[in-house]
Peer 1: 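Can you keep this structure in mind? I'll have questions shortly.
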Amino acid sequence: MTDVSVTDNTDAARFEVHVDGALAGFADYRLREHGTVVAVMHTEIDDAFAGQGLAKQLAVAVLDGLRADGRSLLPFCPFFRGYVAKHPEYVDLVPEARRAEFDL
């Protein structure tokens, strides 16, 4: 059985996805508005872990975490932007005044 976990590495300003303790990928971010808005800039999954749905697991964990913390999202990363567009239950995380900027 594979153990997948997502953590917030605040020192590196990125959310990380680990598989059985090994770093498999990450999503870089920048904090805005005193940390209440998280701008996700780039997502990357290591080639050794490609095709396992880890980017999706990373996105869901990040988006659910932002919601639980009452924070907003700016999806500059094409993967996150596309994920939110395909899953409208997350559109509310993007500030209404900024949605058009991301075609949401």
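Note: hydrogens, waters and symmetry copies are ignored here, and every other heavy atom, side chains too, is used. Small disclaimer: the values here were computed from a predicted structure and weren't measured.
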Peer 1: Using the ring-ring contact (aromatic ring centres under 6.0 Å, His included) criterion, which residues pair with Phe26? Sequence neighbours excluded.
Peer 2: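 Not a single residue meets the ring-ring contact (aromatic ring centres under 6.0 Å, His included) criterion with Phe26.
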Peer 1: Taking salt bridge (Lys or Arg N to Asp or Glu O under 4.0 Å) as the cut-off, I'd like each qualifying pair that reaches into residues 55-74, sequence neighbours left out, listed once.
Peer 2: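 As it turns out, the salt bridge (Lys or Arg N to Asp or Glu O under 4.0 Å) pairs with a partner in residues 55-74, which skip direct neighbours, are Arg67-Asp92, Asp69-Arg71.
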Peer 1: Hey, could you give me each pair passing salt bridge (Lys or Arg N to Asp or Glu O under 4.0 Å) that has a residue in residues 93-104? Not counting sequence neighbours.
Peer 2: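 Qualifying pairs: Arg98-Glu101.
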Peer 1: Which pairs with one or both residues in residues 73-90 pass salt bridge (Lys or Arg N to Asp or Glu O under 4.0 Å), sequence neighbours excluded?
Peer 2: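 Matches after skipping sequence neighbours: none remain.
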Peer 1: Only counting residues at least two apart or in another chain, list the ones meeting salt bridge (Lys or Arg N to Asp or Glu O under 4.0 Å) with Asp46.
Peer 2: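 Testing Asp46 for salt bridge (Lys or Arg N to Asp or Glu O under 4.0 Å), a comparison that skips the adjacent residues, returns none.
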Peer 1: Partners of His42 by ring-ring contact (aromatic ring centres under 6.0 Å, His included), sequence neighbours excluded?
Peer 2: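 Partners of His42 by the ring-ring contact (aromatic ring centres under 6.0 Å, His included) criterion come out as none, since no residue qualifies.
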Peer 1: State which residues pass side-chain contact (heavy atoms from CB on, under 4.5 Å) with Ala12; sequence neighbours excluded, sorted by chain then number.
Peer 2: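 Listed in chain order: Asn9, Arg14.
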Peer 1: Of all residues at least two apart in sequence or in a different chain, which pass the ring-ring contact (aromatic ring centres under 6.0 Å, His included) check with Tyr83?
Peer 2: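 ring-ring contact (aromatic ring centres under 6.0 Å, His included) list for Tyr83, sorted by chain: His87.
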Peer 1: With sequence neighbours excluded, tell me which residues meet side-chain contact (heavy atoms from CB on, under 4.5 Å) with Ser5.
Peer 2: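 If we apply the side-chain contact (heavy atoms from CB on, under 4.5 Å) test to Ser5, skipping adjacent residues, the hits are His18.
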Peer 1: For Tyr29, enumerate each residue passing the ring-ring contact (aromatic ring centres under 6.0 Å, His included) test, keeping only those at least two apart in sequence or located in another chain.
Peer 2: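 Partners of Tyr29 under the ring-ring contact (aromatic ring centres under 6.0 Å, His included) test: Phe15.
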Peer 1: Enter the distance from Met41:CE to Leu74:CG here, rounded to the nearest 0.5 Å.
Peer 2: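 Reported value, rounded in 0.5 Å steps: 9.0 Å.
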Peer 1: Could you list all the salt bridge (Lys or Arg N to Asp or Glu O under 4.0 Å) pairs where at least one residue sits in residues 21-40, not counting sequence neighbours?
Peer 2: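 Every candidate salt bridge (Lys or Arg N to Asp or Glu O under 4.0 Å) pair involving residues 21-40 fails, so no pair, neighbours aside, qualifies.
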Peer 1: For Ala55, what residues pass the side-chain contact (heavy atoms from CB on, under 4.5 Å) criterion, not counting sequence neighbours?
Peer 2: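 With sequence neighbours excluded, Ala55 shows a side-chain contact (heavy atoms from CB on, under 4.5 Å) to Ile45, Phe79, given in chain and number order.
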